[in-house]
Amino acid sequence: MEAKNTSETTPKVGLNFIEAIIEEDIRNGKNDGKVYTRFPPEPNGYLHIGHAKSICLNFGIAKKYHGKTNLRFDDTNPVKEDVEYVDSIKEDIQWLGFQWHAEYYASDYFEQLYQWAIQLIEEGKAYVDDSTQEEISRQRGVPTAPGIESPYRNRSVSENLDLFQRMRQGEFPDGSRVLRAKIDMASPNMHMRDPIMYRILHAEHHRTGNQWCIYPMYDYAHGQSDSIEGITHSICTLEFEVHRPLYDWFCKALRIHHPQQIEFARLNINYTVMSKRKLLQLVQEKHVRAWDDPRMPTICGLRRRGYTPESIRNFAETIGVAKRDNVIDISLLEFCVREDLNKKALRTMAVLDPLKLIIDNYPEGQSEMLQAVNNPENKNEGVRSLPFSRELWIERSDFMEDAPKDFFRLTVGKEVRLKYAYIIKCESVEKDAEGKITAIHCTYDPQTRSGMPDSSRKVKGTIHWLSAAHCKTAEVRLFDRLFYVPNPDEVEEGKTFLDYLNPDSLQIINAFVEPMFINTNHLAHYQFERIGYFCIDKDSSAEKLVFNKTVSLKDTWTKHNK
RNA sequence: UGACCAAUGGUGUAAUGGUAGCACUACAGGUUUUGGUUCUGUCAGUCCAGGUUCGAAUCCUGGUUGGUCAACCA
C-alpha cells in the first residue's frame, strides 16, 4: 500500500456552523453522542433545488456522524395537502441518492398531540378561545406594541376541557373556536402572544380521512414530532428562528425530549424563483408546461433537464451552509452539471442550424465509415462508426464569408478539419436570390483522413458535421433562463414576478443527429460536440426523437464576439 | 420606531485570538482533431467608529446596512 494521505488524520477545519455545533455536542456527550435528523416537507407541492440543499444537509450530516435521518411529512393542514405530492417527494429524495431511516407523518401523532393538549389545559397552560379570527388578530397587537389578553383567557380548567373535547367531537363549526397556549400577550415575539395550537377544520385529511375535525398548527406539531422521533438536531430555515422560543416552550411545558432547533439560510438562485407558491402559480397558469418542465428549478424539472443527482449534490456541497442571506449565481449550478457530464456523457455530433456542404472531389454515391471516440475523458467508452459521404450538414455558424482573422472555422479559400474525417478547403459559396447562403463547395484532401500521417497537418479549426444521406432528424428543445432579470422577486410598482418571464425561455427546433440514435433510454446524457449537453426527453418515441438541452458547453468564442 | 438574526473579493464559503484561504465568475496564457476538457497565471475582500489584547475578520460597546416576525399556512 502507498502511504495514506495525511489529511485524514489532521484535525478537521472548515466545518460549517451546524457541524461545529454537532461536534461540540458530541464532545460534551449530549444525546449520548447520537445524531438524528429529519427532513420534514409539507406535501403541498413539488420539491425544488432549495429543498435539495436541505436534504443534502440533513442526510449528509447524519451520514457524516453515523446517525439517521427520518422522512417526515408535515401534514397538519388537510386543505392544502395531497398524496400526489407525497409520492413525488419520495421519488425525488431517492433519485437524489438518499434513503430515509423511517417514513413518518405528523398525522401519525395526532392522538398523542391531543393528549398533550389535554395535559396543558389541565396545567392551566392552554385555553379555548371563542374570539373570532379578527378579534384574535386585533388582540395580538403589532410587533412594536404589546397585545391584549382575550376575555376567554381565564376560563376554568373544567370548562376548557369540556370545550376542547367538544371541539374534537365536531360540535362547533369551522373557525368558531381555537385552542391557545397561555404564554405572554406582551412578548416582543409575536409567536409567544398566546399562539393558536388547534383550529377547527371539517376537512378530509389525505391519511386520517374524517377521523379529525381539529388540526394542530405547525408550532404545536413540529417540535413534538421531532421529540417523539428522538430527533437530536432539528434543522430548518431562518424564517423559523422566531419560532424557536415557542418550540422550546412546548418541549419544556410537556417535559419531553428536547431536540435542538438550528436555523440556516435558505438557498436563492438568480434568474429564478424558489417559493412554492410562485412555482405552483407558474404551473397552474400554464406559464410552464408542468412541475417537471425543464425550465423549473424543481428537482423533477432539473432531472428532466438532464441534471444528474451527483451534480446537484456537489452543488449543495459547494454552496455551503451559513446564516446570512445569499444569492447563488446560476453559473455555479451550470458549472456543477458540466463538471459531472464532462466525465459521463457520450460524445456525438448534431447539427442544430444546418448548412449544406458539398465536397466536389468526393465521388458521388460513395460513402465510408469512420471511427469516432465516444468519450475522450474515458477511453473505456470505446469508439463508434460514423458514415461519411459527399454531401454533409455543417453548422451555419461554422461558416463566415468575411471572416475576421481570429475566426478559426470555414471561410472561402481556407482549410478546416472535419472532426474524425478529412481536412477540407472551401472553394465557393452558393446563394439564393435574396443572397442567403444555401450551400458551400469544398474539396477534400484524401491523404488527411484521421489516423493517416497527413492528418497531423496543422489546421486552425475543427468542426462537426453529419452525412446528409445518413443522419436522422430529431426535435431539440433549447432552454434559456425562465426570467430575464436576476431577481424576479423584486418587482416594480404595479407589476408581478410574471412580468419578468423570459418570452424566449423555450425554443423548439428540428435538428440532425447521428444515425446511432435508436431506442435510447429517457434521460440518457449526451454531449453534442462543440455545442452542449443534451438528454433524451420522456416525450421521445421510436418514431420521434426528442432532446432537451441541459446546458451549453463553455463558449469563449461567442462570448468574445459580444 | 419593538424584538431577533446577519455582515469577509462581483458571487458563495473558510480561517474557532496568531501568515485572510478555497470554489464559481471575469481576464491573460500553455496544451488540444470539441474555441470543450486540462494546466498556469492575473484582478479582487474583513461594513463603520471606538475599546480589550503583545496580537482582532474573530471578543466587547455603539452605529450603519440587510433580513425575519403582526395566517385559525408550513
Side-chain angles (χ1 to χ4, degrees), chain A residues 13-17 20 24 40-42 44 74-77 79-81 106 129 132-133 136-138 140-147 174-180 187-193 195-201 214-215 217-219 221-222 236-245 263 265 270 276-277 318-329 331-336 338-339 342-343 347 349 372-373 376-377 406-409 417-421 423 450-451 455-456 458-464 527-532 552-560:
Chain A
V13 288
L15 297 175
N16 67 49
F17 81 102
E24 178 70 15
E42 183 188 12
N44 69 343
D74 226 335
D75 57 350
T76 55
N77 185 3
V79 303
K80 284 189 176 176
E81 294 150 10
D129 194 333
T132 64
Q133 194 163 332
I136 289 177
S137 169
R138 206 171 331 113
R140 189 152 32 219
V142 291
T144 51
D174 286 5
S176 59
R177 277 175 237 263
V178 291
L179 183 72
R180 291 229 254 171
S187 171
N189 183 338
M190 298 296 287
H191 297 276
M192 298 300 273
R193 321 245 265 225
I196 292 168
M197 294 163 61
Y198 274 93
R199 75 282 213 189
I200 300 171
L201 233 40
I214 55 171
Y215 290 94
M217 299 288 290
Y218 166 85
D219 286 304
H222 199 94
C236 62
T237 46
L238 242 35
E239 65 269 27
F240 291 100
E241 207 155 25
V242 284
H243 293 245
R244 180 161 21 102
E263 311 86 12
N270 54 18
K276 273 187 175 179
R277 200 203 93 232
T318 306
I319 58 177
V321 182
K323 292 192 76 158
R324 79 182 101 159
D325 293 319
N326 61 86
V327 182
I328 306 289
D329 199 313
S331 66
L332 181 61
L333 221 207
E334 293 177 344
F335 167 82
C336 290
R338 282 194 196 103
E339 183 186 43
N342 178 51
K343 294 180 291 193
R347 312 289 129 125
M349 296 199 280
V373 174
E377 304 294 317
D406 60 351
F407 183 77
F408 301 158
R409 287 110 101 142
R417 186 191 305 278
L418 292 176
K419 182 137 187 166
Y420 301 127
I423 294 173
S450 291
S455 73
S456 57
K458 282 283 174 209
V459 281
K460 266 298 202 196
T462 300
I463 65 172
H464 61 278
Q527 183 195 102
F528 289 176
E529 294 221 38
R530 302 209 305 134
I531 301 174
S552 293
L553 250 29
K554 255 180 82 178
D555 183 357
T556 49
W557 169 245
T558 55
K559 194 186 293 172
H560 167 262

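Below, each value reflects all heavy atoms present in this structure, side chains not excepted, and no hydrogens, waters or symmetry copies.
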Do A:Y420 and A:V373 have side chains that approach each other closer than 4.5 Å (heavy atoms only, starting at C-beta)? yes
With sequence neighbours excluded, what pairs up with A:H243 under the side-chain hydrogen bond (donor to acceptor under 3.5 Å, both in side chains) test? A:D219
I'd like the P distance from B:rC4 over to B:rG41, given in whole Å. 48 Å
Contacts of type side-chain contact (heavy atoms from CB on, under 4.5 Å), residue A:D325, not counting sequence neighbours: A:L238
Reading nucleotides 62-73 of chain B 5' to 3', which nucleotides get B (base under 4.0 Å from a protein heavy atom), which S (sugar-phosphate only), which -? -----S-SB-BB
Could you work out, with side-chain hydrogen bond (donor to acceptor under 3.5 Å, both in side chains) as the rule, every residue matching A:E81, not counting sequence neighbours? none
Taking side chain as C-beta onward, heavy atoms only, is A:L332 less than 4.5 Å from A:I319? yes
Atom-pair distance (NE2 on A:H222; P on B:rA74), nearest Å: 11 Å
Remember a base hit wins even if backbone is also touched, and classify A:R409 as base, sugar-phosphate or nothing at under 4.0 Å, heavy atoms. base
Which is true for A:V321 with a 4.0 Å heavy-atom rule: it touches a base, it touches only sugar-phosphate, or it touches nothing? sugar-phosphate
Could I get the full list of side-chain hydrogen bond (donor to acceptor under 3.5 Å, both in side chains) partners for A:R409, not counting sequence neighbours? A:D398
Which residue, A:I214, A:D174, A:N77, A:L179, forms the side chain to side chain contact (heavy atoms under 4.5 Å, CB included) with A:R199? A:N77
Can you name the atoms? Protein N/O to nucleotides 40-44 of chain B N/O, anything below 3.5 Å, with the distance.
none

With heavy atoms under 4.0 Å as the rule, sort A:D219 into base, sugar-phosphate or nothing. nothing
Please enumerate all residues that pass salt bridge (charged side-chain N to carboxylate O under 4.0 Å, His left out) together with A:D129, with sequence neighbours excluded. A:R180
Got a sec, which residues hit salt bridge (charged side-chain N to carboxylate O under 4.0 Å, His left out) with A:E263, two or more places apart in sequence or on another chain? A:R244, A:K323
Starting at the 5' end of nucleotides 24-34 of chain B, put B wherever the base has a protein heavy atom under 4.0 Å, S where only the sugar-phosphate does, and a dash everywhere else. SSSS-----BB
Does B:rA71 sit syn or anti, given that only angles within 90° of 0 count as syn? syn
Dot-bracket for RNA chain B, please, read 5' to 3', with Watson-Crick or G-U wobble pairs under 3.5 Å on both distances, ( ) within the strand, [ ] crossing, | other strand, . unpaired. .((((((..((((....[..)))).(((((.......)))))....(((((..]....))))))))))).....
Classify A:V79 by what it touches in the nucleic acid, base, sugar-phosphate, or nothing, heavy-atom distance under 4.0 Å. nothing
Quick one: list whatever passes salt bridge (charged side-chain N to carboxylate O under 4.0 Å, His left out) with A:E377, sequence neighbours left out. none
If the condition is side-chain hydrogen bond (donor to acceptor under 3.5 Å, both in side chains), which residues does A:D555 pass it with, not counting sequence neighbours? A:T558
Return the 5'-most residue of the pair A:F17, A:D555 with respect to RNA chain B, ranking by each residue's nearest nucleotide. A:F17
